[in-house]
Amino acid sequence: MTTTLLAPLCRHAPERGHRCQPYRGFDDGDGWHHDGLMADPEFPLLYKRDPWCWSPELGFHRSRTPDIPHRLAGIMGRKFVSNKGMQMWQALRLGAGWGISSEPCGDGHWTEQTWRVFEAVDYRWSGDLEPVARLGQLVGRHVDSGGQNRIADDDALLTGWFRDAILEFLPHPGLGAWNDVLLRACHGQGDRDRDWVQQQIPPEPTHRRQRRREEPRVYVWEYMTGTSRHNGGMRSISATFRMTEPTDAQAMEWMTATMRHALRWGAAIPAPA
C-alpha cells in the first residue's frame, strides 16, 4: 500500500511557499526488483516520517530539519537512501518534485524514452548529487508540462529530439567511420550508407546458447533514416553515447543537454541557460 504523508512547510523559507516533498514509498517493503536491485526493507522505517527533500534554494534537507543543508553523494548498492546519500533515481525524483519512492517509474511519471536517457550512466551515480537533482528539475518540467506526451505522440518531434541528442556527441574519435554515417543519417542523407550499415549487423549466433551481439549504432541509423521504428529509440542512442567512454562530467553534460532539447521539442518553457 502506498503511503503519502502531508509534508510540513519548510520553516526556513515560508515566504517562498516551499512545502517539503512527501514520502511515496511502500509500507510493506515492496519495491523495485530490476538488474539485481532489490527492495530495501529499511527504507520505510527510516525515511517515512522524515524523508529527504530538495529545492533549488535549500538544496538537500530532511523534512524535519529543512534549515540544515546536506551535501549528498550517490550510492551504488541495494539501499535506496542513507544518511549520506541516495540512489541516482531518488535524486532525480526529488529534483522533479515527485518525492522519494520505492519505485523510480512506478507511478507513471515518465515514459521509457525519457528514463532511457539515464542509461548513459546505467542509472548509477557515485558523485555529488546536486547536479543530478538539477537534472531532475528538467525532467520534472518536461513531464509535468505535457512535453513528454507531445513528443511521444509525434514522430517528427521524437525524431528531432533524437537527432539533437545524437549531434551532442558527434563526431567522436571513438566512433570511427560511424561518425560520418550517423551524421549523414541525422541530416537526411543516410540512404547512401545503406549497404555499408547492413554489413555491420552482427551475424546470427552459431550456438543456441550464444546471444546475438547488439550493435546500437545500426539501430540509431535505422531510426534516423526511417528504416525501422522498433529499435529501442533513446536506449540505442544512450548505448552509442556510452561507446565514447565519457567521464562522469561528460555524461552529466550530455544528459543535461539532451533533456534541454526535450524541453524545446516538447514546447515547454525554455530551460534557463
Side-chain angles (χ1 to χ4, degrees), residues 1-32 37 39-75 77-110 114-115 118 123 125-146 148 252 255-256 259 263 268-269 271-272:
M1 177 177 181
T2 303
T3 301
T4 300
L5 298 179
L6 182 61
L9 281 170
C10 278
R11 299 185 299 274
H12 184 67
E15 71 280 2
R16 299 191 185 102
H18 174 73
R19 183 180 292 277
C20 283
Q21 300 176 44
Y23 168 87
R24 298 186 183 276
F26 291 87
D27 290 344
D28 57 8
D30 195 11
W32 196 31
L37 181 64
D40 180 357
E42 295 181 350
F43 180 54
L45 299 175
L46 296 176
Y47 300 102
K48 177 179 178 179
R49 298 192 179 278
D50 189 17
W52 283 109
C53 183
W54 180 87
S55 75
E57 298 85 6
L58 304 176
F60 287 101
H61 56 277
R62 298 291 285 272
S63 293
R64 291 186 177 180
T65 54
D67 54 326
I68 302 177
H70 293 260
R71 203 72 177 179
L72 301 183
I75 57 179
R78 294 186 175 184
K79 293 186 71 64
F80 293 162
V81 293
S82 73
N83 288 328
K84 296 182 179 180
M86 62 185 66
Q87 294 278 349
M88 179 184 184
W89 50 271
Q90 297 283 10
L92 287 168
R93 288 184 59 97
L94 288 180
W98 300 333
I100 60 174
S101 174
S102 309
E103 299 282 349
C105 314
D107 39 12
H109 282 304
W110 40 27
T114 301
W115 61 260
F118 314 118
Y123 312 109
W125 188 263
S126 61
D128 182 16
L129 286 175
E130 187 67 23
V132 177
R134 294 194 177 274
L135 176 60
Q137 269 192 299
L138 301 179
V139 176
R141 289 169 59 189
H142 178 52
V143 173
D144 296 341
S145 69
Q148 172 181 249
M252 181 57 67
M255 292 187 293
T256 300
M259 290 312 307
L263 277 168
I269 300 173

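When a residue number appears, it is its place in the shown sequence, counting from 1. No hydrogens, no waters, no symmetry mates; every other heavy atom, side chains included, goes into these values.
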Exercise for review: Going by the side chain to side chain contact (heavy atoms under 4.5 Å, CB included) test, name the single residue among Gln90, His70, His61 that passes it with Trp52.
Suggested key: His70
Point to revise | Separation of Ile100 CD1 from Phe80 CZ (nearest 0.5 Å) | key: 10.5 Å
Review point. Is any side-chain heavy atom of Gln21 closer than 4.5 Å to a side-chain heavy atom of Arg93?
Key: no
**Study point:** Residue list, side chain to side chain contact (heavy atoms under 4.5 Å, CB included) with Asp128, at least two apart or on another chain
**Key:** Arg71, Glu130, Pro131
Practice item. Using side-chain hydrogen bond (donor to acceptor under 3.5 Å, both in side chains) as the criterion, list what pairs up with Trp125, not counting sequence neighbours. Key: none
Check your understanding: Does Gln137 have any side chain to side chain contact (heavy atoms under 4.5 Å, CB included) partners at least two apart in sequence or in another chain, and if so, which?
Key -> Trp54, Pro56, Arg134
Check your understanding: CD/Gln87 to CD1/Ile75 distance, rounded to the nearest 0.5 angstrom?
Key -> 5.0 Å
Revision key, fill the gap. In this structure, CZ of Arg62 is separated from CG of Asp50 (nearest 0.5 Å) by 4.0 Å
Check your understanding: How long is the span from the CG atom in Leu135 to the CE atom in Met255, to the nearest 0.5 Å?
Key -> 6.0 Å
Practice item. Kindly determine whether Gln148 and Val139 satisfy side chain to side chain contact (heavy atoms under 4.5 Å, CB included), including the steps that lead there. Key: CA-CA 9 Å; Gln148 172 181 249; Val139 176; over 6 Å; no
Exercise for review: Look at the side chain of Arg24 and the backbone N and O of Trp98, then say whether any donor-acceptor pair between them is shorter than 3.5 Å.
Suggested key: yes
Review point. Between OG of Ser55 and CZ of Arg19, what distance do you get to the nearest 0.5 Å?
Key: 14.0 Å
Point to revise | Heavy-atom side-chain proximity of His18 to Pro66 below 4.5 angstrom | key: no
Review point. How far does CH2 of Trp115 sit from OH of Tyr123, to the nearest 0.5 angstrom?
Key: 4.0 Å
Practice item. Please name the pair of heavy atoms, one in Ala91 and one in Val132, separated by the smallest distance, quoted to 0.1 Å. Key: CB-CG1, 3.7 Å
Check your understanding: Quick one: are Met259 and Thr114 in side-chain contact, heavy atoms under 4.5 Å?
Key -> yes
Check your understanding: Should Phe60 and Leu94 count as side-chain neighbours, where that means a heavy-atom distance under 4.5 Å?
Key -> yes
Point to revise | For Cys53 against Cys20, the heavy-atom pair lying closest together | key: SG-CA, 3.6 Å
